[in-house]
Asker: 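Before I ask anything, let me first share the structure, which is written out below as structure tokens.
Letters A, B, ... are given to chains in the order of the sequence lines, protein chains preceding strands, and every chain is numbered from 1. None of these values were measured; they are calculated from a predicted model.
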There are 4 protein chains.
Amino acid sequence: MGIQERKQRERERRRQQIMIAAKRVFSVKGFSKTTMDDIAKEAELSPGTLYLYFKNKDELFSSLSIRVLQYLNIRLEHVINSSKPNSVEEKVGALKEAMYDVYKFDSMMLVNMFHLQSSDTVRNLSPQLLENIRELSHNSLGIMSQIFEEGIQAGIFFDMPPMTYADIIWSTFSGIVLWEESKRVFTHDKSYVEQALDTAFEIFRRGIKTTK
Amino acid sequence: MGIQERKQRERERRRQQIMIAAKRVFSVKGFSKTTMDDIAKEAELSPGTLYLYFKNKDELFSSLSIRVLQYLNIRLEHVINSSKPNSVEEKVGALKEAMYDVYKFDSMMLVNMFHLQSSDTVRNLSPQLLENIRELSHNSLGIMSQIFEEGIQAGIFFDMPPMTYADIIWSTFSGIVLWEESKRVFTHDKSYVEQALDTAFEIFRRGIKTTK
Amino acid sequence: MGIQERKQRERERRRQQIMIAAKRVFSVKGFSKTTMDDIAKEAELSPGTLYLYFKNKDELFSSLSIRVLQYLNIRLEHVINSSKPNSVEEKVGALKEAMYDVYKFDSMMLVNMFHLQSSDTVRNLSPQLLENIRELSHNSLGIMSQIFEEGIQAGIFFDMPPMTYADIIWSTFSGIVLWEESKRVFTHDKSYVEQALDTAFEIFRRGIKTTK
Amino acid sequence: MGIQERKQRERERRRQQIMIAAKRVFSVKGFSKTTMDDIAKEAELSPGTLYLYFKNKDELFSSLSIRVLQYLNIRLEHVINSSKPNSVEEKVGALKEAMYDVYKFDSMMLVNMFHLQSSDTVRNLSPQLLENIRELSHNSLGIMSQIFEEGIQAGIFFDMPPMTYADIIWSTFSGIVLWEESKRVFTHDKSYVEQALDTAFEIFRRGIKTTK
DNA sequence: CATGAATGAGGTTTCATTCAT
DNA sequence: CATGAATGAAACCTCATTCAT
């Protein structure tokens, strides 16, 4: 049993090692130009070994992207659970902060994850991984919608389906992140994600405040 | 000159012919699986000929994506120019409609264009094409920001940089479109772009209305 | 038309060129150890070019093997058609000779063809090629059975289904050829195919003669 | 010594265990698609362990094939030894039966063994295994030729080298078995080996009978 | 003896691109 | 201008085999 566990942990460590190496290569060569051989070299492993831990290239890529989703989930659950007597306003603020933290946590992978969602990429993933992503996504959106629902019941938000709020804020977030990336390509501006996210929530909040 | 011109026009016709063929193939095989040979066959041309009209595959792809940007530009210029004594409210409504029309005009290419903006893809484009995209983008955002500026000066919007409004609405739009695609992959829902766009503008407008 | 034809012929020439190169490599390195790169190098072409003429490695291999079947077909048709007033005895003799000639024509490929017939190999072939093989096989066996039928009707052979005769003689032939190869591996004997074939027919013939 | 022996026997048991597992995998996945890992998993051993009992993959494959040769040997020796005062006719009948039993005993491996004999495969075998096969083969053919020799001395067969008889019948047998397999691929017919073997011997026998 | 993680050479195949005609 | 055969680099992935534990 102890042995089983240690092996499992050892295995997980290797996976991490590979994923870290992969990330390093990605950030230098870009996704499409990165080969499995590159990653193997960076991880100081042989190409074949990668396939002991990841079914294929797409799975490795996707596993990387999933980390940010996982991080988001943890953050959101924290917002809901830990702070019991928080006001809705505070929760919305925490939501905003959580999203921005996700961005700071690993912006490169976040961008990649948004691209990953395109149907073209998704087709090659294993059903298991797909289910994994779906679940994480579903869970995160569910929590967001909970927050908005509280707001609605507290009479602070207009009566719209809470899931719509969640969808819109998530769309906006992904749009902002991608747009920031593309702007950086063209204008080399500094990050404007924080400010944009602030503004987006501000707009939400104005609507809220004035309805009192 | 007449001859020059005719040649130029002939050349443009060929480009269009190729782009149309490319689109047909894309919609069937998906982007990553489409080869130059596929396109050549669909266009009833030889592979070599494609390279007389497009520097490389990425250029062909990008040229396709640009069409939606061009369409957006035309629509936005129409909003500003044609309708002289329109109220700001009407202009904002027209802006929303223009964006949704762009989506309907060619959603597949719109999605592709958003993906195209990733730095990974952009690296391979010719400076000329890049400049082209930058200009179209810049112009569109400029017009949007004009509309918002009018609103601000009319005292309808809060005093934020108009370009920020433009950025946010454009981000939100791209986010919605991409999110819709990814949702469709997982849930096979019907299009929710129109509704989401409505809601996003609604949120804007509520903020607007209540500040009077 | 002339152009179409010339292209077709040019194409066929290339196919031959590749097949000849392939054979040369096979005879040196053996089948399983031969790579597409080896063949390309021998043919002084690039690896990619091979795939313009053969769908994959198995198709190339099989196409090679088919040549002996084609040769057999031609020889057998010659036996039936050209010689009108021949006695059955003579035809049987011609049959035997045809089979031996096939062996001399290209023993290496004949051996390979017999191995090819194993279900394991067959699974990867294109339906078209499979049909091709089936047809050639069917035709050859049909002609053999015709010869035996003539013999039966002439009262020379016992009354057994002619196809059974054809099957048996073909089985025996393949067995002899394969056995010869395996013996050569072990004992380095000289070819015994001719003698064995003679003997096999001799046995047949004794049966025939004595039933008069 | 007792210990030595027991170890030896234990070792042999393991070999058998692996070979049985290998066979099970072969019959499902086909030869070319079976990997050492598959076999290890089926045998509930680790891949490395296989190499303690078999020098390499080819040796494992070949060892499997040898079993039918061993079975044939036993059967043939039984024909010669056990039944002392049997007539030649009876012995020939027993020979035929032995061959058919070999086929029924393990047709899959019999087919494989015939393929194994190709020079291509043989190159990788250890000299020891090769010698083993040679010996078994030699012995079997020797016994067959003994039977035919008896026939010749009894004046029943024509005076041909007995070894030629043995070669021919063995060739025919292998040809029939392989041909049956290839036919099954195409036509899905039922087994015709028994009937074909009957016919082949029938032809032999007719020749015999009529020479009296 | 047994393990099984790691190896890494090597195979097949694809496909954007070129260039002689 | 157009062709399309040829290119050839490079990618992904497999799997027989080894060796430290």
Side-chain angles (χ1 to χ4, degrees), chain A residues 3 7 10-11 14 18 32-41 43-60 124, chain B residues 7 10-11 14 18 32-41 43-61 124, chain C residues 3 7 10-11 14 18 32-41 43-60 124, chain D residues 7 10-11 14 18 32-41 43-61 124:
Chain A
I3 262 187
K7 284 217 170 151
E10 186 58 39
R11 189 178 166 77
R14 262 282 199 278
I18 293 170
S32 62
K33 297 262 169 73
T34 295
T35 72
M36 291 301 264
D37 265 42
D38 290 333
I39 298 170
K41 232 160 252 158
E44 292 179 36
L45 291 169
S46 84
T49 305
L50 302 192
Y51 288 86
L52 296 177
Y53 295 91
F54 298 92
K55 213 184 82 189
N56 56 38
K57 198 187 175 187
D58 271 326
E59 292 261 341
L60 170 50
N124 294 325
Chain B
K7 280 206 172 170
E10 186 58 38
R11 189 178 165 76
R14 261 284 208 279
I18 293 171
S32 61
K33 298 259 171 77
T34 294
T35 70
M36 292 300 265
D37 258 49
D38 291 333
I39 298 169
K41 230 161 253 156
E44 292 179 37
L45 290 170
S46 86
T49 306
L50 302 190
Y51 286 85
L52 296 175
Y53 295 92
F54 298 92
K55 213 186 85 190
N56 56 39
K57 197 187 175 187
D58 271 327
E59 292 260 339
L60 170 50
F61 274 42
N124 294 325
Chain C
I3 261 187
K7 286 219 168 150
E10 187 57 38
R11 191 179 164 77
R14 262 281 199 277
I18 293 170
S32 60
K33 297 263 170 73
T34 295
T35 72
M36 291 301 263
D37 264 44
D38 291 333
I39 298 170
K41 231 159 253 159
E44 292 178 36
L45 291 170
S46 85
T49 305
L50 302 190
Y51 287 85
L52 295 177
Y53 295 92
F54 298 92
K55 214 185 81 190
N56 54 41
K57 197 186 174 187
D58 271 326
E59 291 261 341
L60 170 50
N124 293 327
Chain D
K7 279 206 173 168
E10 187 58 36
R11 188 179 166 75
R14 262 285 207 279
I18 292 170
S32 62
K33 298 256 170 76
T34 295
T35 70
M36 291 300 264
D37 258 49
D38 291 333
I39 297 169
K41 229 159 254 158
E44 293 178 37
L45 291 170
S46 85
T49 307
L50 302 191
Y51 286 85
L52 295 175
Y53 295 92
F54 297 92
K55 212 185 87 190
N56 55 39
K57 198 186 176 189
D58 271 327
E59 292 259 340
L60 170 50
F61 275 42
N124 294 325

Asker: Separation of C:N56 atom CG from E:dG11 atom P, in whole Å?
Answerer: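 It works out to 16 Å between those atoms.
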Asker: Could you give the CG-to-P distance, from A:L50 to E:dT7, as a whole number of Å?
Answerer: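 The answer, rounded to whole Å, is 9 Å.
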Asker: In whole Å, what is the span from the CD1 atom of B:I39 to the C1' atom of E:dA16?
Answerer: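 For the pair B:I39 CD1 and E:dA16 C1', the rounded distance is 11 Å.
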Asker: Out of curiosity, D:I39 CD1 to D:L60 CG, how far, rounded to the nearest 0.5 Å?
Answerer: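 It is 5.0 Å, given to the nearest 0.5 Å.
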Asker: Any protein N or O atoms within reach of nucleotides 3-7 of chain F? Criterion: under 3.5 Å, listing atom names and distances.
Answerer:
| residue | atom | partner | partner atom | Å |
| --- | --- | --- | --- | --- |
| F:dT3 | OP2 | B:S46 | N | 3.4 |
| F:dT3 | OP2 | B:T49 | OG1 | 2.5 |
| F:dG4 | N7 | B:S46 | OG | 3.1 |
| F:dG4 | N7 | B:G48 | N | 3.3 |
| F:dA6 | OP1 | C:R14 | NE | 3.0 |
| F:dA6 | OP1 | C:R14 | NH2 | 2.7 |
| F:dA6 | OP2 | C:Y53 | OH | 2.3 |
| F:dT7 | OP2 | C:S46 | N | 3.1 |
| F:dT7 | OP2 | C:T49 | OG1 | 2.5 |

Asker: Whole Å only: how far is the NZ atom of B:K33 from the C1' atom of E:dA16?
Answerer: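 The distance from NZ of B:K33 to C1' of E:dA16 comes to 18 Å, rounded to the nearest Å.
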Asker: Within this structure, what is the CG-CE distance for the pair D:N56 and D:M36, rounded to the nearest 0.5 Å?
Answerer: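 If I round to the nearest 0.5 Å, the distance is 7.5 Å.
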Asker: Between A:D38 and D:Y51, just flag the one whose closest nucleotide in DNA chain F comes earlier from the 5' side.
Answerer: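 The answer here is A:D38.
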Asker: Identify the stems formed by DNA chain E, where each pair is Watson-Crick or G-U wobble with both distances under 3.5 angstrom and a stem is at least 3 consecutive pairs.
Answerer: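 Result, WC/G-U stems under 3.5 Å: E:2-21 with F:2-21.
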Asker: Which nucleotide sits closest to the side chain of C:K57: E:dT12, F:dC12, E:dA16?
Answerer: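 The answer is E:dT12.
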Asker: Sequence neighbours excluded, which residues qualify as ring-ring contact (aromatic ring centres under 6.0 Å, His included) partners of D:F61?
Answerer: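 By the ring-ring contact (aromatic ring centres under 6.0 Å, His included) rule, D:F61 matches D:F26, D:F31.
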Asker: Output all residues satisfying side-chain contact (heavy atoms from CB on, under 4.5 Å) with C:T35, sequence neighbours left out; order by chain, then residue number.
Answerer: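 Checked C:T35 against side-chain contact (heavy atoms from CB on, under 4.5 Å); matches are C:D37, C:D38.
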Asker: Over how many whole Å does the gap from A:D58 atom CG to F:dA11 atom C1' extend?
Answerer: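 Distance, rounded to whole Å: 13 Å.
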Asker: With sequence neighbours left out, what residues match D:T34 under side-chain hydrogen bond (donor to acceptor under 3.5 Å, both in side chains)?
Answerer: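 In terms of side-chain hydrogen bond (donor to acceptor under 3.5 Å, both in side chains), with neighbours along the sequence ignored, D:T34 is linked to no residue.
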Asker: Measure the CG-CZ distance between C:L52 and C:R11 for me, rounded to the nearest 0.5 Å.
Answerer: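 Spacing of CG (C:L52) from CZ (C:R11) equals 7.5 Å.
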Asker: Work out which heavy atom in A:S46 is nearest to a heavy atom in A:A40; give both atom names and the distance.
Answerer: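 Shortest heavy-atom contact: C-CB, 3.9 Å.
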Asker: NZ of D:K55 versus P of F:dT17: gap in Å, rounded?
Answerer: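 Result: 9 Å.
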Asker: Got a sec, which residues hit side-chain contact (heavy atoms from CB on, under 4.5 Å) with B:R14, two or more places apart in sequence or on another chain?
Answerer: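 Applying side-chain contact (heavy atoms from CB on, under 4.5 Å) to B:R14 gives B:Q17, B:L45, B:Y53.
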Asker: Give me the distance, rounded to whole Å, that separates F:dT21 from E:dC1 when you measure between the C1' atoms they each carry.
Answerer: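 Their C1' atoms lie roughly 13 Å apart.
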Asker: Taking atom P of F:dC1 as reference, at what distance in whole Å does atom CZ of B:F54 sit?
Answerer: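 Whole-Å distance recorded here is 14 Å.
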